[in-house]
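Predicted model only: the values in this text are computed from it and were never measured. Computed from heavy atoms alone, side chains included, the values below leave out hydrogens, waters and symmetry copies.
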Amino acid sequence: MALNDMAKTYDAQDVEERILQKWLQGGWYARNDGQGDCTIVIPPPNVTGMLHMGHALDDTIQDTLVRFNRMRGVSTRWILGTDHAGIATQTKVDKRLKDQGIDRREIGREKFLEACWDWTREFGGIIVEQIKRMGCSVDFDDQKFTMDPDYADAVRKVFCDWYHDGLIYRGKRIVNWCPSCTTAISDDEAEYQDETGHLWHLRYPLKEPVNGVEYITVATTRPETMLGDTGVAVSPDDPDKAPFVGATVVLPIVDREIPIFSDWHVDAGFGSGFVKVTPAHDPNDYAMGEAHDLPQVNIFDEHAIVVEGYGPFTGMTREQCREAVVAWFEEHGLLDHVDEHDHSVMHCYRCDSALEPWLSEQWFVAVEKLKGPATDAVTSGAVKFHPDRWTQTYLTWMENLKDWCISRQLWWGHRIPVFYCDACGWEDALEHDADVCPKCGAALRQDDDVLDTWFSSQLWTFATQGWPADPSQMEGHHPTKALVTARDIIALWVARMVMSSLYFIGEIPFEDVVIYATILAKDGSRMSKSKGNGVDPMDLIHMYGADAMRMGLLQLVTNNQDVRFDADLDKDTHALIGSQRTEAARSFVTKIWNAARFVGMNLDGFTPGDPEVRTPADAWILSRLAKLSASVTQGLQEYRFGDVARDLHQFFWSEFCDWYIELSKASLKGDDETRLAAQRNLVFVLDQSLRLLHPAMPFVTEAIWEQLPTSQGEAALMVASWPEPESLSSWIDDEAEQAIGLTVATVSAVRATRARYGLSPKTEIDVVVKAQGDDVAALESQADLVKRLATLGSLKVGSDVSRPSESAVSVDAGCEIYCVLSGMVDFEAERARLEKERASLQKDIDKLAKKLSNPGFLAKAAQEIIDKDTAKRAELEDQMKRLDAQLSELV
RNA sequence: GGGCGUUUGGCGCAGCGGGAGCGCAACUGCCUUACAAGCAGUAGGUCGCAGGUUCAAAUCCUGCAACGCCCACCA
């Protein structure tokens, strides 16, 4: 296929498949060496499913950056990987096995892990294929999985080092426990849901009456936990309660004697002012229990079932126990009253069960020593957020950071490498497995828990690059250039990467953090599986092509933190019906294709050569191209993808296609020399445009570029050189831009006049233009073009021409443009139009006059603004004079 | 409770101190041999509300309202 033999219609699916194979076979996805470095690690998608729109945007941004840098000759390395996503994957595999009638506990840990690996291979592969289909130029031969053996070694070293450095410790703490997943959940993984509940007011009898009062009343949303109460607290600022401090309560049902004390946690204004304290089942109560040395009574087992020792309550679920306790209080006349009460309840982000604050043995990372450096890295500007406002989110989180619970009671994940000797009590974290106790020789037992998924993914920038076995791989590639991610994992992931990288590598993990907008559904709600309002990027690709999807997404990357995606979905099946935005982007792809086709059809006699300015149009388009290269280059460096997308669209469609190609048609029909120059200019501008468009829309640009006569012998556009602003800056020509402005104004004026009077575009019109100075010559040089573009019978240009009779006039770009309409139209309409224009003009003049007569303005405004407005007023008044003259001539 | 963001023509969004813009939709006219997935043209907005700063405010400040998100959480 050659450029002059391009398919009439562009088939994105076909072309994209073919180009993808070309790239893969070319080997250009592999990391390359060059000046500077642009290493990017892809935020590893979970192996639990398909890519969603967030991934599509994420990966599009990264690919755009990588392709841009690769073309510039910057050393690029884009590392792809997937995340084992402990709890998420385990939940999915669990469910799959359950559907087959298999219980995880029956088949045991080994077999279950095999099932997880099967799942990983299956879905990890799908994700990789999808990323490939999007055109992402990651090095597919350099993939990582967070459970790969070498990655596991890194995780293990980190654990052991922190353990031996005293940053990892084990402790009995209140954690968010999911009784359904039977594992601890980190605070960040818990989701609050507002629920309508009740506030039960329970009476607790006092051992000895206080001032004649025999019982106090506590308010609680969770009456079932009273079985574990070991104290009652009041506010230190509540004088009414002061007499009770030090008194003893006899806890009903369990007959436990518990103290009343004061603590700052208590808000005197809420409930009854007395707070039951259950250290084992509430985080605040736990804190109070520690401060006041209260016993911790755990009443639930791992499934949130009441444990032995509570008579009829033993064996009950939380819900059953709550009912039974309330009933008991009511029976014994101890239920004071019940209020309606809205509160929020934590739920497991995976299985949605209500979480139970539960006291258990867990492993923690002490963050105190890590916080400072991670804070400094951002305040010093070493790590920069884009947009900048996310800096604050990061710093606030860092400031409030508490020790991180890293153990999970799961099977799928990195097993905690701590070994115990039950015989002699020896314990240590080991980088390599051991069977026998080095101290007493007895058999060792490894900790059953696994690590939080984020514990392993925090190492992503360096454990993917050979650390710790071969740190030389990181040379020149670490710190990485940019991390592109969603705002909701700034805390979970971004911050932790900074902490671990500083600790183990001694440097920041990345220079720039690019946070893009969350993609919402058309109605502004979050896309979610349960709502069925999510859009599958693959559906968009199949419907519109990957280029269109990418361009549509890039246009959305602005300062905004949320953005609505306008896809319509079928109400019942949730299948994609269409997306206006993507459709528009696809039109752009087609436009590029057709523009190239036009150039290709006009290449007879073409020989390669430099661009050459023969007409003002040539100078103009080259000047515009030079400015485009500057704005696109800068925009990409500053991660302003929305601006870049708009600039590219504006230039290619409105300037190159709508005007330059049209203007060039005449030159193509000219003599051999004229024709050749036009061809060379068209090919040059097309070639340069394709390069600038390529990072955003790689497929269609590659498909066209490989047909260009100027690209023959070169490998591929994706490895062609970038149009650097400096190499084009000599083309900048503001005078030419002014001259073409004149042409555009003239043609537009005639077209508008024709449309206004309902004249057929085929009707030739005689036009006289009154212009000044150099404009006369400039416009005359374009006479043929103007005549053709505006379908003129004749064109006369001069500085002292007079207005022909029965003509409509337009005043623009400092010229008067007369369209002779003798016998064609009703001049009353023209008169009415001029009157309307006059009114609008008068309004503008009045506004300016007022401004320019304002002494404050003249005294304080910048001189250039005053000059500009003064000139503007003169121009408007000049226009007004002409309008008046025309009106008076119009009879 | 604290913080962040949004509020600009029917829809989706730019602009962020000096004459209100873009894409889509609408309307009118064109199948002009690159493109009807197109071309040309037209219409449509007191830039959420109320104050303030300024010669000048969509743009800066304050307050309010609506919507959304994040963090914390009172039993």
Novice: Suppose you measure atom P in B:G63 against the same atom in B:G3; what distance do you get, rounded to whole Å?
Specialist: 10 Å
Novice: Taking only side-chain N and O atoms of A:Lys665, does any of them lie within less than 4.0 angstrom of OP1 or OP2 on B:A34?
Specialist: yes
Novice: In terms of side-chain heavy atoms of A:Lys847, which of B:A20, B:C31, B:C4 is nearest?
Specialist: B:A20
Novice: So what's B:C64 paired with, Watson-Crick or G-U wobble, going by both distances under 3.5 Å?
Specialist: B:G48
Novice: If pairing requires Watson-Crick or G-U wobble contacts with both distances under 3.5 Å, which nucleotide is the partner of B:A56?
Specialist: none
Novice: Decide yes or no for A:Thr485 and A:Ile515: does some side-chain heavy atom of the first lie under 4.5 Å from some side-chain heavy atom of the second?
Specialist: yes
Novice: Taking the nucleotide of RNA chain B with the nearest heavy atom to each, does A:Thr558 or A:Ser587 sit closer to the 5' end?
Specialist: A:Thr558
Novice: Would you indicate which nucleotide in B:G18, B:A75, B:G68 comes nearest to any side-chain atom of A:Ile865?
Specialist: B:G18
Novice: Taking atom P in both B:U46 and B:A65, compute the distance separating them and give it to the nearest angstrom.
Specialist: 25 Å
Novice: Does A:Phe385 have its ring centroid less than 6.0 Å away from the ring centroid of A:Trp390?
Specialist: no
Novice: Quick check on B:G68: is either OP1 or OP2 less than 4.0 Å from any side-chain nitrogen or oxygen of A:Asn560?
Specialist: no
Novice: Taking B:C70 as the reference, what is the distance to B:C16 when you measure between their P atoms (whole Å, please)?
Specialist: 29 Å
Novice: Test the A:Lys665-A:Phe598 pair against the cation-pi criterion, namely NZ or CZ under 6.0 angstrom from the six-membered ring centroid and within 45° of the ring axis.
Specialist: yes
Novice: Just how far, in rounded Å, is P of B:A14 from CZ of A:Arg581?
Specialist: 9 Å
Novice: Can you tell which of B:G18, B:G38, B:A14 lies closest to the side chain of A:Ala862?
Specialist: B:G18
Novice: Just N and O in the side chain of A:Thr9: are any of them under 4.0 Å from OP1 or OP2 of B:C35?
Specialist: no
Novice: Find out whether A:Ile817 and A:Thr753 are in side-chain contact, i.e. whether some heavy atom of one side chain is under 4.5 Å from a heavy atom of the other.
Specialist: no
Novice: Rounding to an integer number of Å, can you tell me how far A:Met398 CE sits from B:C70 C1'?
Specialist: 16 Å
Novice: Considering only B:C73, B:A34, B:G23, which nucleotide approaches the side chain of A:Ala584 most closely?
Specialist: B:G23
Novice: Indicate whether any N or O donor in one side chain lies under 3.5 Å from an N or O acceptor in the other, for A:Arg754 and A:Thr763.
Specialist: no
Novice: Take atom CD of A:Glu764 and atom C1' of B:C30, then tell me their distance rounded to the nearest Å.
Specialist: 16 Å
Novice: What's the closest nucleotide to the A:Ala752 side chain, out of B:G18, B:U42, B:A75?
Specialist: B:U42
Novice: Quiz question: going by heavy-atom distance under 3.5 Å, is there a donor-acceptor pair between the base of B:A14 and the side chain of A:Gln555?
Specialist: no
Novice: Check every strand shown and say whether A:Asp488 touches a base, only sugar-phosphate, or nothing at a heavy-atom separation below 4.0 Å.
Specialist: nothing
Novice: Which nucleotide, if any, forms a Watson-Crick or G-U wobble pair with B:C13, using both distances under 3.5 Å?
Specialist: B:G21
Novice: Touch check for A:Ile845, heavy atoms < 4.0 angstrom, all strands: base, sugar-phosphate only, or nothing?
Specialist: nothing
Novice: Side chain of A:Asn559, heavy atoms from C-beta onward: which of B:C35, B:G68, B:G15 has the nearest atom to it?
Specialist: B:G15
Novice: Counting the atoms with a prime plus P, OP1 and OP2 as sugar-phosphate, which does A:Glu662 contact under 4.0 Å by heavy atoms, base, sugar-phosphate, or nothing?
Specialist: base
Novice: Between B:U53 and B:C61, how many Å separate the two P atoms, rounded to a whole number?
Specialist: 15 Å
Novice: Indicate the ring-plane relationship of A:Phe652 and A:Phe588, choosing parallel, tilted or perpendicular according to the 30° and 60° boundaries.
Specialist: perpendicular
Novice: Would you classify A:Arg487 as touching base, sugar-phosphate or nothing, given that sugar-phosphate means primed atoms plus P, OP1 and OP2, and contacts are heavy atoms under 4.0 Å?
Specialist: sugar-phosphate
Novice: Taking atom P in both B:C74 and B:U6, what distance in whole Å separates the two?
Specialist: 31 Å
Novice: For the P atoms, the ones on B:C22 and on B:G15, what distance do you get once it is rounded to whole angstrom?
Specialist: 15 Å
Novice: Please figure out whether A:Asp869 or A:Leu520 has its closest RNA chain B nucleotide nearer the 5' end.
Specialist: A:Asp869
Novice: Please confirm whether the shortest side-chain N or O distance from A:Lys591 to OP1 or OP2 of B:G23 is below 4.0 Å.
Specialist: no
Novice: Should B:C30 form a Watson-Crick or G-U wobble pair with both distances under 3.5 Å, which nucleotide is its partner?
Specialist: B:G38
Novice: Run the ring-centre check on A:Tyr516 versus A:Phe641 and record whether the distance is less than 6.0 Å.
Specialist: no
Novice: Just to confirm, is there a sub-4.0 Å distance from OP1 or OP2 of B:G38 to any side-chain nitrogen or oxygen of A:Lys8?
Specialist: no
Novice: In whole Å, what separates the P atom of B:U7 from that of B:A14?
Specialist: 7 Å
Novice: Determine the interatomic distance between C1' on B:G9 and the same-named atom on B:A26; round to the nearest Å.
Specialist: 12 Å
Novice: For atom CD of A:Glu864, is the number of surrounding heavy atoms from other residues, nucleotides or ligands below 6.0 Å larger than 12?
Specialist: no
Novice: Within the modelled atom types, does a donor on one side and an acceptor on the other bring the side chain of A:Thr590 and the base of B:A37 under 3.5 Å apart?
Specialist: yes
Novice: If the cut-off is 4.0 Å, is A:Trp397 near the phosphate of B:C4, judged by side-chain N/O to OP1 or OP2?
Specialist: no
